[in-house]
Enquirer: 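Sharing a structure with you now.
For the numbers below, each heavy atom of this structure counts, side chains included, while hydrogens, waters and symmetry mates do not. One-based numbering, in listed order, for ligands and for the atoms of each. Just so you know, these numbers come straight off a predicted model, no measurement behind them.
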Amino acid sequence: RMRTLGDVARYHAEARPDAVALVFEGRETSFADFDRHTNQVANALIAAGLKVGDRVAYVGKNSDHYFELLIGAAKAGVVTTPIGWRLAAPEIAYIVGDSEAKLVFVGPELIGHVEAVAAELTHRPVVIAMEAEGAGEHRTFEAWRDAQPDTDPMTPIKTSDIAIQLYTSGTTGRPKGAMLTHDNMLAMRREAALRPLDWNQWGPDDVSLVAMPVAHIGGTGWGLVGLFNGAKGVVAREFDPTKVLDFIEKDRVSKMFMVPAALQIVVRLPRAREVDYSRLSHILYGAAPIPLDLLRECMEVFGCGFVQQYGMTETTGTVVYLPPEDHDPAGNTRMRAAGLPMPGVEIKVIDEAGNSVPAGTVGEVAIRSLANMAGYWKLDEATKKTIDADGWLRTGDAGYLDEDGYLFIHDRVKDMIISGGENIYPAEVESAVYGHPHVAEVAVIGVPDDKWGEAVKAVVAPKPGVTPDAADIIAFARSRIAGFKAPKSVDFVPALPRNASGKILRRELRAPYWEGRE
Ligand code: ATP
Ligand code: MG
């Protein structure tokens, strides 16, 4: 019965009008109000002259009103582009300009930034302030919304119309605008209906924590999963580790999605071992490789079900999952897997020529699913290179399938290190180094080497108060993985550069070593 993104509000407003859809800093919105508010947003966009296919941008931290904007815009056929608030002004300007957003909705922290951006752009977008704070002469979201009737505009929308233009994380280069359709967004529901998965069952008491940034699929996509399932969504303005524990205790969170870098910070809080996790049924994690030692630590501390998720912006998030039953702390090899295809998702692993390789052989992972994006906005060449005529999407990730169909991800094809003719994948080496007692964070890169072509280097952020020894770390790694994969050298840094989706920016780490050579 849900065809388009707008139906998520309509459906639950009818089924459970008084149930809480969203909670944000004490403000509770029922599904009935969510439906009315999203109608008002749709009417306001129509009144502003926006047509089906036009875009608006959102530059701000997480907020319940972001989800009202997203679903409201969808009801008018307008495409929302959320933009990461941690980006620098020129990066925000690039995306606002590239998306041609007619309106830009801005959080209080970023008004100054965006005013400067808007003044530079030729298409002069209108700025609307998400909150009264710092709004100046701009209209606020609530005033703009509430000036409109709350009747459904019933704009005719095709399921193949674009609902969201979500930019990729920009880990490997400039972010690309992935155009995600209503069909793409609803695919997760259709797939869930094909074959119900235990960990993906939701009841009326489920509470979901939305703590990852909405500018990424792990924030927006996860927020939508909760809304689709009629759960109460607790929206965290930004990721704050101690607040995550508060939400679990006070808001009785039952499901949450977090990237490994965020889980690591939460699990290391001393209070993490004192909290009652009896209401927490599942932690979903993904978006970057998780070190096995960290996963084991989380399983011990949180004691709930764990589900790994693998996917990308271009596949509307999760296409592969590792269910709780494959999380065996004794460390079976399955726990190193990204997992199995979601119902309805096809996976193959291909060589450079595009041919499937046998089980156990590493190649590039390709995905075919209802959730594959329509294409990259204004990047036809890139779209053609990414999705072939048969609908297979090349992920750029290296990996292999085992005999039982489990996918193992080995990092990006581009990040592979070739040393002395051997292919080495950073994530495997990182997992080996990570277990060293002095290591807080580690990234592994290839650096130029006259003898080996590339040599494996570990860049380590030590735990507070310790001075690790490079030789000791190398010896530790050699005891856990083959000698040729172990780092040849170790550099120490205070912290690793990461983007807002928790991914290590290896290109930044590599740059100084490769200067003038690549
Ligand atoms: P860009 O495409 O702009 O370089 P990005 O690929 O980091 O950025 P996203 O779409 O947010 O942007 O991330 C998708 C990528 O995240 C995948 O291609 C994969 O490399 C990584 N990833 C996602 N889930 C997992 C996982 N469970 N394990 C390992 N890596 C993962
Ligand atoms: Mg990518």
Enquirer: Look at atom 6 (O) of ligand 1 and say which protein heavy atom is nearest, naming residue and atom and giving the distance to 0.1 Å.
Expert: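 Nearest neighbour among protein heavy atoms for atom 6 (O) of ligand 1, to 0.1 Å: Arg412 NH1, 2.7 Å.
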
Enquirer: Begin from the C-alpha positions of Tyr321 and Asn200 and carry the test side-chain hydrogen bond (donor to acceptor under 3.5 Å, both in side chains) through to its verdict.
Expert: CA-CA 11 Å; Tyr321 71 100; Asn200 203 16; over 6 Å; no

Enquirer: Hey, is Arg268 close enough to Glu297 for a salt bridge, meaning N to O under 4.0 Å?
Expert: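 Salt bridge: yes.
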
Enquirer: Starting from atom 14 (C) of ligand 1, locate the nearest protein heavy atom and write down its residue, its atom name and how far away it is, to 0.1 Å.
Expert: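 That would be Met312 CB, 3.4 Å.
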
Enquirer: Measure Ser169 to ligand 1 on non-hydrogen atoms and call it side chain, backbone, both or neither using the 4.0 Å cut-off.
Expert: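 The answer is both, backbone and side chain.
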
Enquirer: Could you list the atoms of ligand 1 found under 4.0 angstrom from a heavy atom of Asp397?
Expert: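 By the 4.0 Å cutoff, the relevant atoms are 17 (C), 18 (O), 19 (C), 20 (O).
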
Enquirer: Which pair of heavy atoms, one from Gly6 and one from Ile71, lies closest together, and at what distance?
Expert: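 For Gly6 and Ile71, the tightest heavy-atom pair comes out as CA-CG2, 4.0 Å.
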
Enquirer: Using a strict cut-off of 4.0 Å, indicate which atoms of ligand 1 neighbour a heavy atom of Pro289.
Expert: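 Those atoms are 28 (N), 29 (C), 30 (N).
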
Enquirer: Over 60° means perpendicular and under 30° means parallel, so tell me whether Trp222 and Phe257 are parallel, tilted or perpendicular.
Expert: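 Trp222 and Phe257: tilted rings.
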
Enquirer: Under 6.0 Å between the ring centres of Phe408 and Tyr400?
Expert: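 Centroid separation for Phe408 and Tyr400: below 6.0 Å.
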
Enquirer: Look at the aromatic rings of His410 and Tyr425 and report parallel, tilted or perpendicular, splitting at 30° and 60°.
Expert: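 The rings of His410 and Tyr425 lie parallel, inter-plane angle below 30°.
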
Enquirer: Around atom 7 (O) of ligand 1, find the nearest protein heavy atom and jot down its residue, atom name and distance.
Expert: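 It is Thr171 OG1, 2.5 Å.
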
Enquirer: For the residue pair Arg507 and Thr171, what are the closest heavy atoms and their distance?
Expert: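 What the structure gives for the nearest pair is NE-O, 2.7 Å.
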
Enquirer: Should you measure from each heavy atom of Thr168, which atoms of ligand 1 turn up under 4.0 Å away?
Expert: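 Numbered from 1, ligand 1 contributes 1 (P), 2 (O), 3 (O).
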
Enquirer: What do we get for Thr313 next to ligand 1 when only non-hydrogen atoms under 4.0 Å count, side chain, backbone, both or neither?
Expert: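 Within the 4.0 Å criterion, Thr313 contacts ligand 1 through backbone and side-chain atoms alike.
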
Enquirer: Examine the proximity of ligand 1 to Lys503 and report which part, side chain or backbone, both or neither, has a heavy atom under 4.0 Å away.
Expert: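 Within the 4.0 Å criterion, Lys503 contacts ligand 1 through side-chain atoms alone.
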
Enquirer: Below 4.0 Å from any atom of ligand 1, is there a heavy atom belonging to Gly396?
Expert: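 It does not, in that no heavy atom of Gly396 comes within the 4.0 Å cut-off of ligand 1.
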
Enquirer: Would you call the rings of His327 and Phe306 parallel, tilted or perpendicular, taking 30° and 60° as the class edges?
Expert: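 Rings of His327 and Phe306: tilted, 30 to 60°.
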
Enquirer: Quick check: closest heavy atoms across Phe247 and Val253, and the distance to 0.1 Å?
Expert: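 Shortest heavy-atom contact: O-CG2, 3.4 Å.
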
Enquirer: So, Arg480 and Asp293, do they make that salt bridge, N to O below 4.0 Å?
Expert: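 Yes, Arg480 and Asp293 are salt-bridged.
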
Enquirer: Which bit of Gln309 is near ligand 1, meaning a heavy atom under 4.0 Å away: side chain, backbone, both or neither?
Expert: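 Gln309 to ligand 1: backbone contact only, side chain stays beyond 4.0 Å.
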
Enquirer: Is ligand 1 less than 4.0 angstrom away from at least one heavy atom of Ala338?
Expert: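 No; Ala338 lies far enough from ligand 1 that no heavy-atom distance drops under 4.0 Å.
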
Enquirer: Could you tell me the residue and atom name of the protein heavy atom closest to atom 21 (C) of ligand 1, and the distance to it rounded to 0.1 Å?
Expert: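 Minimum-distance protein heavy atom for atom 21 (C) of ligand 1 reads Ala287 O, 3.4 Å.
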
Enquirer: Near Gln308, which atoms of ligand 1 are under 4.0 Å from a heavy atom of that residue?
Expert: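 Near Gln308, the atoms of ligand 1 are 26 (C), 27 (N), 28 (N).
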
Enquirer: Is Asp328 paired with Arg334 through a side-chain N to carboxylate O contact shorter than 4.0 Å?
Expert: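 Between Asp328 and Arg334 there is no salt bridge, as every charged N stays at least 4.0 Å from the carboxylate O atoms.
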
Enquirer: Just distances here: any N/O of Ile409 and N/O of ligand 1 closer than 3.5 Å?
Expert: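 There is no such contact.
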
Enquirer: Identify the protein heavy atom lying closest to atom 4 (O) of ligand 1, giving its residue, its atom name and the separation to 0.1 Å.
Expert: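 Going by distance alone, atom 4 (O) of ligand 1 is nearest to Thr172 OG1, 2.4 Å.
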
Enquirer: Residue-level breakdown please: for Ala427 versus ligand 1, do any non-hydrogen atoms fall below 4.0 Å on the side chain, on the backbone, on both, or on neither?
Expert: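 Answer for Ala427: neither.
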
